[in-house]
Amino acid sequence: MIIHIQGKSKKRGHHLMANNITISQAAQYLGQEVTISGWVYNKTGKGKLHFIMVRDGTGVIQVVIFKGNVTEEAFEKCAALTQESSIRITGVISEDLRAKGGHELQAKEVEVLNIAPEYPISPKEHGIEFLMDNRHLWLRSSKQHAILKIRHEIIKASRDYFDNLGFTLVDAPIFTPSACEGTSNLFETDYFDTKAYLTQSGQLYMEAAAMAFGKVYCFGPTFRAEKSKTRRHLTEFWMIEPEVAFFDLQQDMDLAEGMIIYIVDRVLEKRRQELEILERDVSKLEAVKTPFPRIHYDEAVKLIKAENPEFIDGDDLGGTDETIVSSHFDRPVMITHYPAAVKAFYMKRSAQQPDRALCVDVLAPEGYGEIIGGGQREDDLEILLSRIREHNLPQEAFNWYLDLRKYGTVPHAGFGMGIERTVAWICGRPHIRETIPFPRTMYRLTP
RNA sequence: UCCGGUGUAGCUCAAUGGCAGAGCGGGUGGCUGUUAACCACUAGGCUGUAGGUUCGAGUCCUACCACCGGAGCCA
């Protein structure tokens with residue numbers, strides 16, 4: 001057999017007719033001749049022998065090239081390969097316990113697509129600013145790769161969860177004429193001869209959709225122009241927001257709990273390998289089982305005051321307060337009945353405690369904080385009107401929303417789950433900026 | 001916006017107010033089983049910017065810029 005290494009597309013069409021496979025499939029092709037396309041992840045050698053770690057997005061495999069087996073020219077070409085050079089290799093998959101993963105590719109033919117110049121991200125440590133400046137390249141690193149694979153699994157699992165329950169996906173607009181909740185700062189854009197704002201929530205639109213379809217959800221980006229500088233904040237982040245007609249707070253909480261269980265189970269089932277790469281303590285995730293503790297705001301305050309005496313009853317929970325509460329439980333905890341004063345205008349009030357909202361926040365374990373906020377919506381037209389006035393919101397902007405209470409109003413509830421915070425928790429990452437492909441923060445708009 | 005911190009080689013970091021340094025990465029050479037290989041040699045600098053103190057400033061002072069961590073706000 002003629003063994004040679006092919007140069008830059010010199011003999012296209014004369015390749016050995018081998019199967020094109022992904023590295024993840026390599027184990028199924030032991031002893032067979034295959035072609036793999038990918039990038040040089042790392043290279044080492046021993047004089048007349050090259051070891052090239054090649055990754056293709058599905059895995060990493062060691063490619064072995066012996067000088068005695070190939071031409072001088074071919075060997076030189078492989079010697080010139082640099083980190084992140086792109087190549088296509090044909091060879092035989094063989095078993096070898098010295099290789100990571102237990103098998104390797106004995107190269108017969110290598111096509112060099114591109115020799116990369118000095119790659120900025122070396123296998124050693126780097127600072128966060130440098131890595132974020134190189135985010136477009138950092139995505140190739142194993143941990144970042146694993147995080148985004150898990151992010152995909154979480155998104156897919158949430159959508160499957162709702163789809164399986166008969167929900168309809170109804171996407172909300174990104175451009176909105178006004179604030180949804182009237183609280184946080186919005187990004188303003190020129191919209192022809194008027195102003196438009198980037199959405200901070202699809203919820204109001206989901207309420208309209210729920211009255212048309214019964215069970216709906218939306219999934220999309222949301223924007224907050226807050227000058228927040230913490231590990232929990234981005235200016236652009238993704239939310240999944242279900243809304244269900246005829247649901248009350250209890251049913252809403254059941255829905256949220258079921259979703260979290262479903263997501264965690266799915267990630268444990270399908271993304272073990274990625275959790276391992278991230279060195280995630282999976283026992284923490286395996287502990288996430290039904291039922292989740294459901295505690296009243298007043299109970300939460302007791303827990304908080306025991307450790308933070310300065311907390312003022314009636315205030316919203318701060319980051320450290322959330323950590324105090326969640327540290328008492330090994331699974332997500334649901335806090336209900338916050339003071340209505342700290343919540344949005346559309347929250348329905350409790351009949352037993354008129355100063356409390358029929359709302360729920362879900363705090364992730366291990367100090368990851370709020371991942372879900374939701375509750376039952378005010379369904380009475382007159383009460384909603386007075387709330388809009390109390391909050392000094394422009395009634396005109398909410399006329400369409402008020403129509404939902406005019407024409408066949410029903411009890412309904414829903415929630416929003418922040419994808420990045422959920423990914424951060426499940427992946428055990430300290431900072432949410434690693435959980436989105438290209439993060440946007442107060443100080444970062446590139447790449 | 002407030003509080004604290006850091007800016008030195010491509011990267012990660014050293015350097016009592018007294019010659020600008022190491023490891024990694026890059027380059028050259030060596031090695032037939034490497035796993036972040038190893039060995040030898042080598043190139044690489046307006047010490048964030050602008051002022052100031054000093055015989056002398058990477059080091060001390062002032063302002064600014066950039067980023068990091070935290071707070072507030074929130075998902």
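If you're wondering where the values come from, they're calculated on a predicted model, not measured in any experiment. A, B, ... follow the sequence lines: proteins, then strands. Residue 1 opens every chain.
- For U28(B), the paired base is A40(B) (Watson-Crick or G-U wobble, both distances below 3.5 Å).
- The gap from the P atom of G23(B) to that of C38(B) amounts to 12 Å, rounded to the nearest Å.
- Figure legend. G69(B) is base-paired to C3(B); pairs are counted as Watson-Crick or G-U wobble with both atom distances under 3.5 Å.
- At the phosphate of A71(B), neither OP1 nor OP2 sits under 4.0 Å from any side-chain N or O atom of Lys229(A).
- Glu276(A) has no carboxylate O lying under 4.0 Å from a charged side-chain N of Lys143(A), or vice versa, which leaves the two without a salt bridge.
- The separation of G69(B) from G58(B), taken at their C1' atoms, amounts to 24 Å, rounded to a whole angstrom.
- Taking atom C1' in both U59(B) and U8(B), the straight-line distance is 11 Å, to the nearest Å.
- In the interface, the side chain of Glu118(A) is not paired with the base of G27(B) through any donor and acceptor atom under 3.5 Å apart.
- At a threshold of 4.0 angstrom between heavy atoms, the contacts of Asp361(A) with the nucleic acid are absent.
- A75(B) is unpaired under the Watson-Crick or G-U wobble criterion, no partner having all donor-acceptor distances under 3.5 Å.
- The base of C74(B) does not come close enough to the side chain of Ser228(A) for any donor and acceptor atom to sit less than 3.5 Å apart.
- Taking atom CD of Glu129(A) as the reference point, atom P of G10(B) lies 15 Å away to the nearest angstrom.
- Atom-to-atom, NZ of Lys143(A) to C1' of A36(B) comes out at 13 Å; the value is rounded to the nearest Å.
- In this entry the distance linking NZ of Lys227(A) with C1' of A71(B) reads 16 Å, nearest Å.
- Nucleotide U59(B) is matched to nothing when pairs are restricted to Watson-Crick or G-U wobble geometry with both distances under 3.5 angstrom.
- Between Tyr161(A) and Tyr217(A), the distance from one ring center to the other does not fall under 6.0 angstrom.
- In this structure, G23(B) forms a base pair with C11(B), meeting either the Watson-Crick or the G-U wobble geometry with both donor-acceptor distances under 3.5 Å.
- With salt bridges taken as basic N to acidic carboxylate O contacts below 4.0 Å, one links Glu243(A) and Arg377(A).
- Lys343(A) forms a cation-pi arrangement with Tyr338(A), by the criterion of a distance under 6.0 Å to the ring centre and an angle within 45° of the ring axis.
- Remark: the Arg421(A) side chain and the C74(B) base include a donor-acceptor N/O pair separated by less than 3.5 Å.
- Across all strands, Phe130(A) comes closer than 4.0 Å only to sugar-phosphate atoms, never to a base (heavy-atom distances).
- Put simply, Lys100(A) has a side-chain N or O that comes within less than 4.0 Å of OP1 or OP2 on A36(B).
- Across all strands shown, U16(B) remains unpaired; no Watson-Crick or G-U wobble contact has both distances below 3.5 Å.
- Between G69(B) and Arg433(A), a contact under 4.0 Å exists linking OP1 or OP2 to a side-chain N or O.
- Classification of Glu322(A) and Arg232(A) as a salt-bridged pair holds, one side-chain N sitting under 4.0 Å from a carboxylate O.
- With a cut-off of 3.5 Å on both pairing distances, U53(B) has no Watson-Crick or G-U wobble partner at all.
- Nucleotide G48(B) has C64(B) as its partner under the Watson-Crick or G-U criteria, with both atom distances under 3.5 Å.
- Rounded to whole Å, atom P of G33(B) lies 13 Å from atom CD of Gln106(A).
- Under the stacking criterion of a centre-to-centre distance below 5.5 angstrom and an interplanar angle below 30°, Phe237(A) sits stacked against the six-membered ring of A75(B).
- His412(A) and Gln376(A) form no side-chain donor-acceptor contact under 3.5 Å, judged by distance and modelled atom types alone.
- Counting atom types as modelled, His233(A) pairs a side-chain N or O with a base atom of C74(B) as donor and acceptor under 3.5 Å.
- For Asn134(A), no side-chain nitrogen or oxygen approaches OP1 or OP2 of G10(B) to under 4.0 Å.
- Here G72(B) presents its C1' atom at 15 Å from CZ of Arg224(A), a figure rounded to the nearest Å.
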